[in-house]
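The figures that follow rest on heavy atoms only: side chains count, while hydrogens, waters and symmetry mates do not.
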Amino acid sequence: GPSPQVLVAQLKKSFTIEDIYERARRVMLCAIRHGCTTMRAHIEIDAFAELRGVEALQRVQAEFAGVLDLQLIAFAQEGIFHDEVTQGLLREGLQMGLSILGGCPYMDRDPRRHIDWFFDTAEAAGVPLDFHADSGDDPSGLTCDYIAEQTIARGMQGRVTLGHLCTLDMLEPDHRARIIETIRQAGIHVISLPATEMHVKGRADKHTWRGVTRLEELRAAGVNVSISTNNIVNPFTPYGHPDLLRQALVTAMAAHLGNLDQMVWLLDLITINPARAI
C-alpha cells in the first residue's frame with residue numbers, strides 16, 4: 001500500500017479544526033493520566049492542513065494550561081519548496097503565537113537550503129528551532145553536522161533541538177564521534193524516538209536496522225539526550241503512546257540498556273533532560 005507519508009498527506013486535506021482538537025485532546029488526557037506535565041508538539045503547517053492545526057492546538061493548549069504545559073512548534077512536515085504557500089503559512093503560525101519553528105530537511109531536494117531558510121526565519125523571529133533530522137539509513141544524507149555548524153556560526157547554542165538522528169547509527173565509529181563532538185559544541189538537544197524507529201525503519205531488504213540513535217555515546221560525550229514518542233496511533237506508528245515509562249522500556253530494549261547504572265540514567269531521558277531541552 002501507500003507509504004505512511006503519502007497516507008498522512010492525503011488524510012490531512014480532510015482534517016477539520018474540530019477533528020484535530022478532539023484527537024489532540026484525547027492524547028493530552030492520556031498523557032496526563034500517565035504523569036506527563038510538559039509536552040512539545042509539532043503542528044504540521046502545509047498546503048494540505050494549512051493553519052487548522054494551529055487553531056485546534058492553541059485551543060487545547062489554553063484548555064489544559066496549569067495541568068499540562070503544551071509547547072507548540074510551527075512544523076514543515078512536507079518541506080517548504082514544493083509550493084508557494086508553506087513558507088508564508090509558517091511565518092503566519094509564528095505570528096499567531098507559536099513559540100518554536102520546526103524544519104524537516106529530508107523533505108526538500110536541497111536540505112541545506114531548507115536548513116538555511118529555517119535559521120534565517122528563526123533568527124528574524126527570535127525563536128528556537130526543533131528539526132526532524134537524519135531519519136534515514138543513508139550516511140550521504142547526513143544533515144546534523146551542517147545544522148550544528150550553523151548553530152555555532154549563528155550563536156544559537158542551546159536553542160536548537162534535533163529529533164531522530166537515526167543516520168548516526170550508520171556511520172563509522174570515528175566519523176560518528178567527530179559529529180557527536182560538533183553536536184555537543186553546538187549545545188544541541190537530541191531527542192530519540194525509539195518506538196517509531198523500531199516500527200518504521202529497517203524495512204528494506206538489504207539489512208534489518210534498528211534505527212535508534214546512539215543514546216549511550218551521545219550521553220557519554222556530554223550531549224543532552226531525551227526520548228519521546230513521535231507518533232501516537234497514526235499511519236507511522238499504529239501503537240504509539242504518550243506514556244513516557246512505556247517509551248523508556250522500549251528504549252531499554254532497543255538500545256541494549258540493561259545494567260543498573262544504565263537504568264538509573266535512562267530515567268533522566270524522560271525527566272531532567274527533556275526539561276533542560278525545553
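- Taking all atoms of both residues into account, the shortest heavy-atom contact from T151 to A186 is CG2-O, 3.5 Å.
- The shortest side-chain heavy-atom distance between V8 and F236 falls under the 4.5 Å cut-off.
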Problem set entry | Residues Q262, E216; criterion side-chain hydrogen bond (donor to acceptor under 3.5 Å, both in side chains); working and verdict | CA-CA 9 Å; Q262 292 169 331; E216 194 151 23; 3.0 Å; yes
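- One distance of note links CD1 of I152 with CD of Q157; it measures 6.0 Å at 0.5 Å rounding.
- Residue R154 places its CZ atom among more than 12 non-hydrogen atoms of other residues, nucleotides or ligands, all under 6.0 Å distant.
- Shown here for H199 and P238, the closest heavy-atom pair between the two residues is NE2-CD, 3.3 Å.
- The CG atom of D145 sits 11.0 Å away from atom CD of Q150, with the distance rounded to the nearest 0.5 Å.
- In this structure, C144 and L162 approach most closely via the heavy-atom pair CB-CD1, 3.8 Å.
- Cluster annotation: I20 is connected to I45 through the hydrophobic network of ILVMFWY side chains, with a link wherever side-chain heavy atoms come within less than 4.5 Å.
- Side-chain contact of T196 with T237: a donor-acceptor pair under 3.5 Å is present, judged by distance alone.
- Here M170 contributes atom CE and H175 contributes atom NE2; the two are 13.5 Å apart, rounded to the nearest 0.5 Å.
- No hydrogens or angles considered: a donor-acceptor pair under 3.5 Å links the side chains of Y21 and E63.
- A salt bridge is absent between E181 and R178: the closest approach of a Lys/Arg side-chain nitrogen to an acidic carboxylate oxygen does not fall below 4.0 angstrom.
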Problem set entry | Residue pair L193, Q247: steps toward the side chain to side chain contact (heavy atoms under 4.5 Å, CB included) verdict | CA-CA 8 Å; L193 308 157; Q247 298 302 328; over 6 Å; no
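- Taking hydrophobic clusters as Ile, Leu, Val, Met, Phe, Trp and Tyr residues chained together by side-chain heavy-atom distances below 4.5 Å, I73 does not share a cluster with L68.
- Looking only at side-chain heavy atoms (C-beta outward), P194 and I227 come within less than 4.5 Å of each other.
- At least one side-chain heavy atom of E123 sits less than 4.5 Å from a side-chain heavy atom of M156.
- The pair E197-R210 does not count as a salt bridge, with every side-chain nitrogen at least 4.0 angstrom from each carboxylate oxygen.
- Each of N273, T161, N224 was scored for a side-chain hydrogen bond (donor to acceptor under 3.5 Å, both in side chains) with H189, with one residue passing: N224.
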Exercise. What's the verdict on side chain to side chain contact (heavy atoms under 4.5 Å, CB included) for I43 and L72, showing C-alpha distance, side-chain angles and the deciding distance?
Worked result: CA-CA 7 Å; I43 300 178; L72 300 175; 3.9 Å; yes
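- Heavy atoms only, all atoms of each residue included: V60 and R25 are closest at CG2-N, 4.3 Å.
- Looking only at side-chain heavy atoms (C-beta outward), I115 and T143 come within less than 4.5 Å of each other.
- To the nearest 0.5 angstrom, L257 atom CG is 7.5 Å from M263 atom CE.
- Aromatic ring pairs are classed by plane angle as parallel below 30°, tilted from 30° to 60° and perpendicular above 60°; the pair F81 and H114 is perpendicular.
- Separating the CE atom in M28 from the CE atom in M39 is a distance of 5.5 Å, to the nearest 0.5 Å.
- Here the side chain of Q87 pairs a donor or acceptor atom with the backbone of I80 at under 3.5 angstrom.
- Following chains of ILVMFWY side-chain contacts shorter than 4.5 Å, one can reach V212 starting from I179, so the two form part of one hydrophobic cluster.
- The distance from atom CZ of R59 to atom CD1 of I17, rounded to the nearest 0.5 Å, is 8.5 Å.
- Side-chain atoms of R52 come within 3.5 Å of backbone N or O of F48 as a donor-acceptor pair.
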Problem set entry | Step-by-step side chain to side chain contact (heavy atoms under 4.5 Å, CB included) determination, L168 to L218 | CA-CA 10 Å; L168 279 184; L218 284 158; 4.2 Å; yes
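- The main-chain N or O of F118 is never found under 3.5 Å from a side-chain atom of T121 such that the two would form a donor-acceptor pair.
- Inter-residue side-chain proximity for V264 and D261 is flagged as unmet; no heavy-atom pair is nearer than 4.5 Å.
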Problem set entry | Verdict with supporting geometry, D116 and Y146, side-chain hydrogen bond (donor to acceptor under 3.5 Å, both in side chains) | CA-CA 10 Å; D116 289 343; Y146 184 71; 2.6 Å; yes
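- The aromatic ring centroids of F75 and H132 lie less than 6.0 Å from each other.
- For residues 36-48, every residue pair satisfying the salt bridge (Lys or Arg N to Asp or Glu O under 4.0 Å) rule, not counting sequence neighbours, is listed here: K12-E44, K12-D46, R40-D130.
- Taking 4.0 Å as the cut-off between side-chain N and carboxylate O, R23 and D19 count as a salt-bridged pair.
- Between R276 and D268, no side-chain nitrogen of the basic residue sits less than 4.0 Å from a carboxylate oxygen of the acidic one, so the salt-bridge criterion is not met.
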Side-chain donor-acceptor pairs of residues 88-106 under 3.5 Å, sequence neighbours excluded:
none

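- Judged purely by distance below 3.5 Å, without hydrogens or angles, the side chains of H42 and Q77 never pair a donor atom with an acceptor atom.
- Using a 4.5 Å heavy-atom threshold, the side chains of L215 and T251 count as touching.
- Counting only N and O atoms by type, the side chains of Q61 and Q71 include no donor and acceptor under 3.5 Å apart.
- Contact of the T213 side chain with the S192 side chain is registered, since non-hydrogen atoms from C-beta on lie closer than 4.5 Å.
- In terms of modelled atom types and a separation under 3.5 Å, the side chain of N231 and the main chain of N234 share no donor-acceptor contact.
- Hydrophobic clustering (side-chain heavy atoms under 4.5 Å, transitive across Ile, Leu, Val, Met, Phe, Trp, Tyr) keeps I278 apart from L57.
- You'll find the side chain of Q58 reaches within 4.5 Å of the side chain of V54, heavy atoms only.
- Contact record, A47 with T86: N-OG1, 3.9 Å, taken as the closest heavy-atom pair.
- Under a 3.5 Å cut-off, the side chain of H241 and the backbone N or O of D243 do form a donor-acceptor pair.
- Scanning both residues, D169 and G211, for their nearest heavy atoms gives OD2-N, 4.2 Å.
- Criterion: ILVMFWY side-chain heavy atoms under 4.5 Å apart, direct or through other members. Under it, I272 and L245 are not part of a common hydrophobic cluster.
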For this session: List the steps and the verdict of side chain to side chain contact (heavy atoms under 4.5 Å, CB included) for R184 and V223.
Result: CA-CA 5 Å; R184 184 195 66 76; V223 174; 3.8 Å; yes
